[in-house]
Amino acid sequence: MSEPTASDTSRHFLKQWIEEDLAAGANDGKVVTRFPPEPNGWIHIGHAKAICIDFGMAQAFGGTCHLRMDDTNPSKESDEYVEQIKRDITWLGFKWDKFFYAAQMFDKMWFIAEELINRSHAYICELSQEQWKEYRGVPTQPGKPSPFRDRPAEESLALFRRMRAGEFADGTLCLRAKIDMASPNIHFRDPVLYRINHMPHYHTGDTWCVYPMYDFAHPIEDALEGVTHSMCTLEFEVHRPLYDWVIDRMDEMNLLVVRDGKKIRPQQREFARLNLTYTVMSKRKLMQLVDENRVDGWDDPRMPTVAGLRRRGYTPAAIRNFCERIGVSKYESETDVALLEFCIREDLNKITQRRMAVLDPLKVVVDNYPEGQTEMVTLSNNPGDPDSGERQVPFSREIWIERDDFMEVPEKKFFRMAPGQEVRLRGAYIFKCESCIKDADGKVTEVHGTYDTLSKGGNASDGRKIKGTIHWVSVAHAVEAEVRLYDRLFTSSNPLAEEQGDFLDYLNPNSMSTIKGYIEPALAEAAPGDIFQFERLAYFCADSKYSKPGAPVFNRTVTLRDSK
RNA sequence: UGUCUCAUUGUGUAAUGGUAGCACAACUGACUCUGACUCAGUUUGUCUAGGUUCGAAUCCUAGUGAGACAACCA
């Protein structure tokens, strides 16, 4: 597995931003970034993009990246998610330099909030949320000041402390920044800094019943950690002036981290989040799919979660490569999922071993092969990789082939098995089909023919060319395995953008099917997580959730290009 | 009737005042112990209108279209 690398060819705007910043002498050339998930769900391919950017930019400039749990809202957070996020990031191949919880900084945030009150930059507001709607105004109309806006600092401070002491119910009071009620940017119209939430926090327990809002907490977290470049998605663009406002206040309080005699002033920039065709990325909706048991958990192979992709057989290198190829911009694009599938095919093609498996079996009898005889034939594990080695596969009189590989009446350019036509049984012999047996419905049940005894290994002794080659498994030696075929979860390319109906209306009822296939004996020993290419069929990953030895379960990763 | 952001082939992205390139997708062909892979090739693009300039995807103005913002979520 190659190490994650940031692109040195594409120079997207974030990279340019940091380059220019460094060229101007900022931070003495030191870059510190951070990836700040809220631990309220499993991370998905969209987070993978952010992770590749956050960690990748740090790496590209010789800097470091922190992992921080942005856990300022106890309502939805848990350690289960924290641990899963850590596992997934590690699996993707990234290493954080430092790890933080936002909750570790609650004391500092509280201190800053009190200082803001003392400096008349914040006040306790008693307006209800409904009343505030009226005061705040709408984007096109200015708001009007809260009646509590000019209350004395001592009064606000006392109330703020009583808030913390638990004297008030949720929603009755809040701490607001005093900025500009007429600002065209709603986020400047006295935004809430602290709210009351009588809810135990998964880490701080009942220590707090007041919690800072994202807009207040995030810049403080960045500043206290010494983050230099804070990258996030586009929806936070309008929050940036407020981010800078908080940083300015911290600067006034001399709270910015000082490195080599210089203040580290974090800056925020925004990039477009990832949208993929046929894919729902909203954490809330993914949660819904899990909660309503429409999928088999967050790591269901149909889920766009990192864990789902892993269970499906995606490799970290393929995901990183995908994130590299999609680039970074501020255009709200929708990437074709075909690019993701290309990336995994490209990687798997290099690293997977080839195995023979028959998923829709048709019996073939080699009439001139001695009954009861078995011989081993040698097959390369990966013809494109000389170091992949070889294996022995048993061949005998009766074999399974793919039903698709036989046509009683071949169409033109069909070079596989058909009466009167020669075909190569991969790695074994050249076989000439002579007849087939059909049942009452006309369905072919068995094919007969003879093999060229001088063609062991698959090459004709007289040098004649055989155009078709097919895979097979010996009936006597084949192992039955469960094969799960996963299709897209949604039938609509954009289930969230459809004019009418719920995204659930576009769930694909055939998104998962299970079949019994016959696999060559060597495959029975596949370890969970091993990935193989089933000849000409697709890539399959031995499922990490199977436990029965000798009866593996394989998940299809991605099909090969459709054959004509 | 607000502020901010965005617009380059079917999709995504590069070109930062000087030949519009790359990848995916699609289509041809060659090769092949699988029709996959690989290789070669083809098709398709600067939202519109003005302006600045020897020269504009790039700078300016206006328009069009898309998105974000009106949680005590992040």
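Letters go in sequence order (proteins before strands), and every chain restarts at 1.
- Listed by chain and number, the residues in a salt bridge (charged side-chain N to carboxylate O under 4.0 Å, His left out) with A:E375 are A:K456 (sequence neighbours excluded).
- A:N459 comes within 4.0 angstrom of a base, heavy atoms only.
- As rounded to whole Å, 13 Å separates atom C1' of B:G12 from atom CD of A:E324.
- Spacing of C1' atoms, B:A62 relative to B:A71, comes out at 37 Å, to the nearest Å.
- Salt bridge annotation for A:R416-A:E402: absent, with no cationic side-chain nitrogen under 4.0 angstrom from a carboxylate oxygen.
- Between A:Q533 and A:I186, the residue anchored closer to the 5' end of RNA chain B is A:Q533, taking for each the nucleotide with the nearest heavy atom.
- Geometrically, A:K76 does not engage A:Y81 in a cation-pi contact defined by less than 6.0 Å to the ring centre and at most 45° from the axis.
- One interatomic measurement links the two molecules: CE of A:M417 to C1' of B:G35, which rounds to 16 Å at whole-angstrom precision.
- Side-chain nitrogen and oxygen atoms of A:T335 include none within less than 4.0 Å of the OP1 or OP2 phosphate oxygen of B:C24.
- Rounded to the nearest Å, the gap between the P atom of B:A36 and that of B:C69 is 45 Å.
- Using modelled atom types, one side-chain atom of A:S455 and one backbone atom of A:D452 make a donor-acceptor pair closer than 3.5 Å.
- Using a 4.0 Å heavy-atom cutoff across all strands shown, A:R424 reaches at least one base atom of the nucleic acid.
- With sequence neighbours left out, A:K432 forms a side chain to side chain donor-acceptor pair (under 3.5 Å) with no residue at all.
- Between A:R354 and A:S333, the residue anchored closer to the 5' end of RNA chain B is A:S333, taking for each the nucleotide with the nearest heavy atom.
- Among the heavy atoms of the strands, none lies under 4.0 Å from A:V423.
- Residue contacts shown for A:F216 are absent, as no nucleic acid heavy atom lies under 4.0 Å away.
- Under the rule for a salt bridge (charged side-chain N to carboxylate O under 4.0 Å, His left out), the partners of A:E520 that lie at least two apart in sequence or sit in another chain are A:R391.
- Using a 4.0 Å cut-off on heavy atoms, the residues of residues 340-349 of chain A that approach RNA chain B are A:F342, A:R345, A:N349, listed by number.
- Across all strands, A:K413 comes closer than 4.0 Å to base atoms (heavy-atom distances).
- Judged as a side chain to side chain donor-acceptor pair (under 3.5 Å), and not counting sequence neighbours, A:K285 has no contacts.
- Distance check on atom C1': B:U43 versus B:G55 gives 29 Å, rounded to whole Å.
- Residue A:I470 is classed as a base contact, given a heavy-atom separation below 4.0 Å to a base.
- Checked against the 6.0 Å centroid criterion, the rings of A:F395 and A:W472 qualify as a close aromatic pair.
- When the side chain to side chain donor-acceptor pair (under 3.5 Å) test is applied to A:N494, the partners found at least two apart in sequence or on another chain are A:E334.
- The environment of A:K467 atom NZ is sparse: at most 12 non-hydrogen atoms of other residues, nucleotides or ligands sit within 6.0 angstrom.
- Under the 3.5 Å distance criterion, the side-chain polar atoms of A:S388 are matched with a main-chain donor or acceptor of A:D385.
- The residue A:E334 sits close only to the backbone: its heavy atoms come under 4.0 Å of sugar-phosphate atoms, none of a base.
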Extract from the structure each pairing of a protein N or O with an N or O of nucleotides 63-66 of chain B at less than 3.5 Å, listing the distance.
none

Q: Toss me the dot-bracket line for RNA chain B: Watson-Crick and G-U wobble, both under 3.5 Å, 5' to 3', using | for pairs to another strand and [ ] for crossers.
A: .((((((..((((....[..)))).(((((.......)))))....(((((..]....))))))))))).....
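- By the side chain to side chain donor-acceptor pair (under 3.5 Å) test, A:Q84 pairs with A:R87, A:D88, sequence neighbours left out.
- Between B:U3 and B:A15, the two C1' atoms lie 31 Å apart (nearest whole Å).
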So which protein nitrogen or oxygen atoms get under 3.5 Å of nucleotides 71-74 of chain B's nitrogens or oxygens?
residue: B:A71; atom: OP2; partner: A:R136; partner atom: NH1; Å: 3.3
residue: B:C72; atom: O2'; partner: A:Q129; partner atom: NE2; Å: 3.4
residue: B:C72; atom: N3; partner: A:G171; partner atom: O; Å: 3.4
residue: B:C72; atom: N4; partner: A:L127; partner atom: O; Å: 2.9
residue: B:C72; atom: N4; partner: A:G171; partner atom: O; Å: 3.1
residue: B:C73; atom: OP2; partner: A:R195; partner atom: NE; Å: 2.9
residue: B:C73; atom: OP2; partner: A:R195; partner atom: NH2; Å: 3.0
residue: B:C73; atom: O3'; partner: A:R195; partner atom: NH2; Å: 3.1
residue: B:C73; atom: O2'; partner: A:N73; partner atom: ND2; Å: 2.9
residue: B:C73; atom: O2'; partner: A:K76; partner atom: NZ; Å: 3.3
residue: B:A74; atom: OP1; partner: A:T72; partner atom: OG1; Å: 2.8
residue: B:A74; atom: OP1; partner: A:R195; partner atom: NH1; Å: 3.3
residue: B:A74; atom: OP1; partner: A:R195; partner atom: NH2; Å: 2.9
residue: B:A74; atom: OP2; partner: A:Y214; partner atom: N; Å: 2.8
residue: B:A74; atom: O3'; partner: A:D70; partner atom: OD2; Å: 3.0
residue: B:A74; atom: N6; partner: A:H239; partner atom: NE2; Å: 3.4

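- Rounded to whole angstrom, the span from the CD atom of A:Q16 across to the P atom of B:U13 amounts to 16 Å.
- Between the CD1 atom of A:I326 and the P atom of B:A25 there is a distance of 16 Å, rounded to whole Å.
- Defined by atom type and a distance below 3.5 Å, a donor-acceptor pair is missing between the side-chain atoms of A:D222 and A:Q268.
- The stretch residues 383-395 of chain A has no heavy atom under 4.0 Å from RNA chain B, so no residue of it qualifies as close.
- Judged by the 6.0 Å distance and 45° axis criteria, A:R176 is positioned over the aromatic ring of A:W132.
- If you check B:C6, B:C24, B:U34 against the side chain of A:A338, the one that comes closest is B:C24.
- Interface remark: the A:R325 side chain does not form any donor-acceptor pair with the B:G12 base, using a distance-only criterion of under 3.5 Å.
- The ring pair (Phe, Tyr, Trp, His ring centres under 6.0 Å) with A:Y194 is formed by just one residue from the set A:Y211, A:F160, A:F168, A:W208; it is A:F160.
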Expected rows: protein N/O vs nucleotides 17-19 of chain B N/O, under 3.5 Å:
none

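- Side chains of A:D347 and A:N321 form no contact here, defined as non-hydrogen atoms less than 4.5 Å apart.
- Using C1' as the reference atom, B:C59 and B:C22 are 26 Å apart when rounded to the nearest Å.
- Using a cut-off of 4.0 Å between Lys/Arg side-chain N and Asp/Glu carboxylate O, A:E126 and A:R151 are scored as salt-bridged.
- OP1 or OP2 of B:U13 has at least one side-chain nitrogen or oxygen of A:S329 nearer than 4.0 Å.
- A gap of 25 Å separates the C1' atoms of B:G18 and B:A23, to the nearest Å.
- A gap of 38 Å separates the C1' atoms of B:C73 and B:U16, to the nearest Å.
- Here, B:G2 and B:U9 have their P atoms 29 Å apart, quoted to the whole Å.
- A close approach under 4.0 Å does occur between a side-chain nitrogen or oxygen of A:R426 and OP1 or OP2 of B:U34.
- Side chain of A:Q421 to backbone of A:F414: a donor-acceptor contact under 3.5 angstrom is found.
- Annotation: side chain of A:K86 is in contact with side chain of A:F99 (closest heavy-atom distance under 4.5 Å).
- Side-chain contact annotation: A:Y123 with A:D190, donor-acceptor N/O pair under 3.5 Å present.
- The residues A:K330 and A:E237 are annotated as salt-bridged, a charged nitrogen and a carboxylate oxygen being separated by less than 4.0 angstrom.
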